[in-house]
Amino acid sequence: MTVVLDRLERDGYVKRKANPADRRSCIVHLILESLRQLEGVYKSKGDMLAGVIERYSDRDLRLLIEFFERINDSGVDAA
């Protein structure tokens, strides 16, 4: 978790502040402006994906969903 927070803080998405009630921990604050920038990135990715999905028939999409569910259920690790 520390590595993830280090990266998010380095990239300007969060800021850590000391927890006044417990010196062993910190409070993580989101930086709203950075999140607003991400919204635009992910919205365009979502719009692009929607355009790709529209090209497939309902039958093809059901087949893809079944395929991914079977992979997920098999316990195969993607990493």
Side-chain angles (χ1 to χ4, degrees):
M1 183 57 111
T2 301
V3 172
V4 172
L5 287 175
D6 287 344
R7 290 179 184 164
L8 289 170
E9 188 171 34
R10 178 195 69 209
D11 294 342
Y13 297 108
V14 300
K15 183 170 184 160
R16 287 186 265 202
K17 294 187 179 178
N19 183 346
D22 184 355
R23 294 185 314 164
R24 298 169 296 171
S25 66
C26 64
I27 299 171
V28 178
H29 297 272
L30 296 172
I31 298 176
L32 293 178
E33 186 55 39
S34 295
L35 293 176
R36 287 188 186 106
Q37 292 171 0
L38 282 179
E39 284 178 332
V41 170
Y42 284 104
K43 179 171 180 357
S44 66
K45 299 283 185 201
D47 292 345
M48 181 195 68
L49 183 58
V52 170
I53 289 173
E54 287 175 354
R55 300 178 196 161
Y56 290 92
S57 68
D58 287 345
R59 181 174 178 253
D60 289 341
L61 290 172
R62 280 193 298 274
L63 182 62
L64 283 169
I65 290 168
E66 182 181 338
F67 170 76
F68 287 117
E69 285 174 342
R70 285 184 181 183
I71 288 175
N72 191 45
D73 292 343
S74 74
V76 173
D77 188 3

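Below, each value reflects all heavy atoms present in this structure, side chains not excepted, and no hydrogens, waters or symmetry copies.
Nearest heavy-atom pair across Pro20 and Ala18 is CD-O, 3.2 Å.
With respect to Asp11 and Arg7, no salt bridge is recorded, no charged nitrogen being found less than 4.0 Å from a carboxylate O. One finds a salt bridge joining Arg16 and Glu9 here, because a Lys/Arg side-chain nitrogen approaches an Asp/Glu carboxylate oxygen to under 4.0 Å.
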- Show your reasoning for whether salt bridge (charged side-chain N to carboxylate O under 4.0 Å, His left out) applies to Asp47 and Lys43. CA-CA 6 Å; Asp47 292 345; Lys43 179 171 180 357; 3.1 Å; yes
- Task: Decide side chain to side chain contact (heavy atoms under 4.5 Å, CB included) for Phe68 and Asn72; before the verdict, give the C-alpha distance in whole Å, the side-chain angles of both, and the deciding distance to 0.1 Å.
- Result: CA-CA 6 Å; Phe68 287 117; Asn72 191 45; over 6 Å; no
- Can you check side chain to side chain contact (heavy atoms under 4.5 Å, CB included) on Thr2 and Leu5, steps first, answer last? CA-CA 5 Å; Thr2 301; Leu5 287 175; 5.8 Å; no
Throw together a table of side-chain donor-acceptor distances under 3.5 angstrom for residues 24-34, partners on residues two or more places apart or in other chains.
residue: Arg24; atom: NE; partner: Asp22; partner atom: OD1; Å: 3.0
residue: Arg24; atom: NH2; partner: Asp22; partner atom: OD2; Å: 3.3
residue: Ser25; atom: OG; partner: Asn19; partner atom: ND2; Å: 3.1
residue: Ser25; atom: OG; partner: Asp22; partner atom: O; Å: 3.3
residue: Ser34; atom: OG; partner: Gly12; partner atom: O; Å: 2.6

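Follow the hydrophobic side-chain contacts under 4.5 Å out from Val52 and you reach Leu64 in the same cluster. Both Val4 and Val14 belong to a common hydrophobic cluster when Ile, Leu, Val, Met, Phe, Trp and Tyr are linked at side-chain heavy-atom distances under 4.5 angstrom. Under the 4.5 Å side-chain contact rule for hydrophobic residues, Leu49 and Leu63 do not share a cluster. Put simply, Leu38 and Met48 are part of two different groups of oily side chains (I, L, V, M, F, W, Y) that touch within less than 4.5 Å, one to the next.
Of the inter-residue distances, the one linking Gln37 atom CD with Tyr13 atom OH reads 7.0 Å to the nearest 0.5 angstrom.
In the displayed structure, Arg70 atom CZ is contacted under 6.0 Å by at most 12 heavy atoms of other residues, nucleotides or ligands.
Screening residues 48-59 for side-chain hydrogen bond (donor to acceptor under 3.5 Å, both in side chains) gives Ser57-Asp60 as the qualifying pairs, with residues at least two apart or on separate chains.
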